[in-house]
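The structure under discussion appears below in the form of structure tokens.
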Amino acid sequence: METEKLSHIIESICQPGKGILAADESTGTIKKRFDSLGIENTEQNRRDYRNLLFTTPDIEKYISSVILFDETIDQKDDTGKTFAELLASRGIVPGIKSDQGKNEHPDFAPQTITHGIDGMPERLQNWTGRSNGTLGFTKWRQVILVEPEPSDTFLESVMDAMAQNAAYSQAAGYVPITEPEILMDGKHSIEQCAAVTERALYMLYRKLEEHGVSIAHTLLKPSMVVSGKETKTDSPEDVAKATLDVFQNALPKNLPGIVFLSGGQSPKQATENLNAIIVLAKERGLLLSADSLNQSNEWFVSFSYGRALQEYALKVWEGKEKNIAHAQHALIQRAKLNGLAQKGEYAPSMEENTVTA
Ligand code: 13P
């Protein structure tokens with residue numbers, strides 16, 4: 001394993017005031033987002049939308065990395081550069097969604113299982129070639145329903161696949177980002193979400209150890225611990241406490257960084273919650289600065305948002321060229337506010353006059 005290369009990639013991702021833009025929606029997922037706005041889901045429109053995101057002026061001030069979908073690797077900007085090369089040239093680390101989506105689990109429906117592990121070593125090689133070696137990380141997402149309560153056998157089967165992806169990724173020179181997403185769907189309590197999150201994380205790190213993965217060369221992309229969508233909206237302080245309590249119990253100390261998904265929270269909620277988590281993590285002495293990554297028992301904490309970063313930008317764009325600059329403005333505002341939250345310096349009053357579409 002090329003540990004020095006992997007450490008360097010982690011240092012490039014984990015920078016103060018910056019986070020990850022998740023732009024790895026599959027063709028099916030982006031169709032849902034486009035459909036709701038009447039944008040046709042063509043290859044050209046997907047390329048134009050990603051071009052809008054990746055050419056946003058100054059985006060590298062708040063975004064250290066971008067997660068891409070397979071198709072996007074080969075698409076090009078207006079100057080003929082591939083998107084992966086464009087991002088790398090702006091000092092942004094491009095990465096790839098390495099899973100291939102989910103199917104109903106054969107034994108544990110309605111729970112699902114993420115697929116795509118067959119042929120992974122070949123696929124990783126293919127991505128390295130197609131991107132000219134610019135891709136730095138992979139991301140594997142497994143979603144988990146709080147109800148019906150996931151069994152240990154279910155968790156073991158799905159975390160095993162996530163750990164295999166991590167092992168193959170490290171062997172091929174990629175930092176694996178493991179993404180166990182406890183879904184907000186449902187009527188469960190925050191305590192139920194905490195219990196399932198803790199069990200899922202224990203299982204994930206057990207499986208990573210079993211597969212010989214170097215935890216110090218991985219990143220975790222978790223969901224925040226929150227009540228079900230149909231239950232209530234928790235205060236940022238409650239989310240921060242519940243989330244950090246679970247992490248302190250379940251996460252290994254040599255994990256370098258945590259980058260949250262937004263999971264269906266509104267853009268403002270996701271920013272407020274991240275800020276509260278950072279403030280409390282600082283109080284508890286859990287945060288580290290980028291220059292001591294891997295050398296201490298603390299974590300870098302930031303965002304890896306898809307919907308919470310893109311929602312307003314996509315709505316403003318509407319598939320129309322005349323709206324590009326305004327949409328880029330909406331994106332950079334969200335990125336900047338999340339960059340402030342990453343430092344615990346965000347206040348809800350900063351939302352005034354922002355573009356909300
Ligand atoms: P959301 O922030 O929209 O949950 O997306 C994150 C993600 O999983 C894509 O990588």
Side-chain angles (χ1 to χ4, degrees), residues 22 25 29 32-33 36 102 104-105 108-114 141-152 154-155 158-159 178-204 220-251 258-281 283-284 286 301-312 315 334 337-338 341 346-348 351 356:
E25 299 85 0
T29 301
K32 284 187 223 153
R33 314 255 197 275
S36 66
K102 59 187 189 318
E104 193 162 90
H105 196 293
F108 300 103
Q111 298 282 5
T112 56
I113 182 157
T114 301
R141 173 174 181 251
Q142 171 67 48
V143 299
I144 298 165
L145 286 164
V146 172
E147 287 182 314
E149 203 184 338
S151 67
D152 284 344
F154 162 73
L155 290 176
V158 297
M159 293 308 174
T178 57
E179 183 183 11
E181 174 172 359
I182 314 306
L183 291 170
M184 286 169 70
D185 305 3
K187 295 184 175 142
H188 52 268
S189 64
I190 194 168
E191 290 80 13
Q192 281 174 288
C193 178
V196 171
T197 307
E198 194 163 317
R199 289 178 49 231
L201 292 174
Y202 269 124
M203 188 62 80
L204 169 62
L220 173 68
K221 173 163 173 164
S223 38
M224 296 176 189
V225 175
V226 293
S227 302
K229 250 190 323 216
E230 294 170 53
T231 312
K232 65 169 177 146
T233 304
D234 309 291
S235 71
E237 291 69 31
D238 286 349
V239 174
K241 184 178 179 313
T243 304
L244 291 177
D245 284 352
V246 167
F247 286 3
Q248 285 182 271
N249 287 338
L251 295 187
I258 298 166
V259 285
F260 285 102
L261 60 91
S262 60
Q265 295 181 34
S266 73
K268 182 167 174 243
Q269 255 175 354
T271 310
E272 266 192 294
N273 286 342
L274 175 65
N275 193 75
I277 288 171
I278 295 289
V279 168
L280 186 61
E283 270 172 41
R284 293 188 182 181
L286 301 173
V301 178
S302 190
F303 59 91
S304 174
Y305 292 162
R307 284 161 286 180
L309 276 171
Q310 296 182 48
E311 186 176 318
Y312 300 146
K315 278 188 186 152
R334 267 332 321 151
L337 291 175
N338 283 302
Y346 164 84
E351 297 284 344
T356 53

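Residue numbers count from 1 along this sequence.
Applying the side-chain contact (heavy atoms from CB on, under 4.5 Å) criterion to Thr243, with sequence neighbours excluded, gives Met224, Val225, Val239, Phe247, Phe260, Ile277. Contacts of Pro150 classified as side-chain contact (heavy atoms from CB on, under 4.5 Å), with partners at least two apart in sequence or in another chain: Gln111, Ile144, Phe154, Leu155, Val196, Arg199. For Lys315, the side-chain contact (heavy atoms from CB on, under 4.5 Å) criterion is met by Leu37, Glu311, Ala357, not counting sequence neighbours.
Looking only at distances, a side-chain donor or acceptor of Gln142 sits under 3.5 Å from a matching main-chain atom of Thr112. A side-chain donor-acceptor contact under 3.5 Å links Gln310 to the backbone of Ala22. The closest donor-acceptor contact from the side chain of Thr231 to the backbone of His188 lies under 3.5 Å. Checked by atom type and distance alone, the side chain of Tyr305 pairs as donor or acceptor with a backbone atom of Ala270 at under 3.5 Å. At least one donor-acceptor pair closer than 3.5 Å links the side chain of Asn338 to the backbone N or O of Arg334. Between the Tyr202 side chain and the Asn249 main chain, a donor and an acceptor come within less than 3.5 Å of each other.
Lys221 is not listed as a side-chain neighbour of Arg141, based on a closest heavy-atom distance of 4.5 Å or more. Annotation: side chain of Gln248 is in contact with side chain of Arg284 (closest heavy-atom distance under 4.5 Å). Met184 places a side-chain heavy atom less than 4.5 Å from the side chain of Gln265. A heavy-atom distance below 4.5 Å is found between the side chains of Leu220 and Pro180. At least one side-chain heavy atom of Leu280 sits less than 4.5 Å from a side-chain heavy atom of Glu283. Between Pro222 and Thr197, the closest side-chain pair of non-hydrogen atoms is not below 4.5 Å.
Here OG of Ser189 is found 14.0 Å from NZ of Lys187. Values are rounded to the nearest 0.5 Å. Considering SG of Cys193 and CD of Glu147, their distance stands at 11.0 Å, rounded to 0.5 Å. The line from CG of Leu244 to CG of Leu251 is 9.5 Å long, rounded to the nearest 0.5 Å. For the atom pair CG (Asn273) and OH (Tyr346), the distance works out to 10.0 Å, reported to the nearest 0.5 Å. Considering NZ of Lys268 and OG of Ser266, their distance stands at 7.5 Å, rounded to 0.5 Å. If you take OG1 on Thr271 and CG on Leu309, they are separated by 7.5 Å, rounding to the nearest 0.5 Å.
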Determine whether Thr114 and Val158 satisfy the following criterion, side-chain contact (heavy atoms from CB on, under 4.5 Å), listing intermediate values before the conclusion.
CA-CA 7 Å; Thr114 301; Val158 297; over 6 Å; no
Take Arg307 and Arg33 through the side-chain contact (heavy atoms from CB on, under 4.5 Å) test and state the conclusion after the steps.
CA-CA 9 Å; Arg307 284 161 286 180; Arg33 314 255 197 275; 3.5 Å; yes
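The two residues Ala341 and Asn275 make their nearest non-hydrogen contact at CA-OD1, 3.4 Å. Of all heavy-atom pairs between Ile182 and Val146, the closest is CG2-CG2, 3.4 Å.
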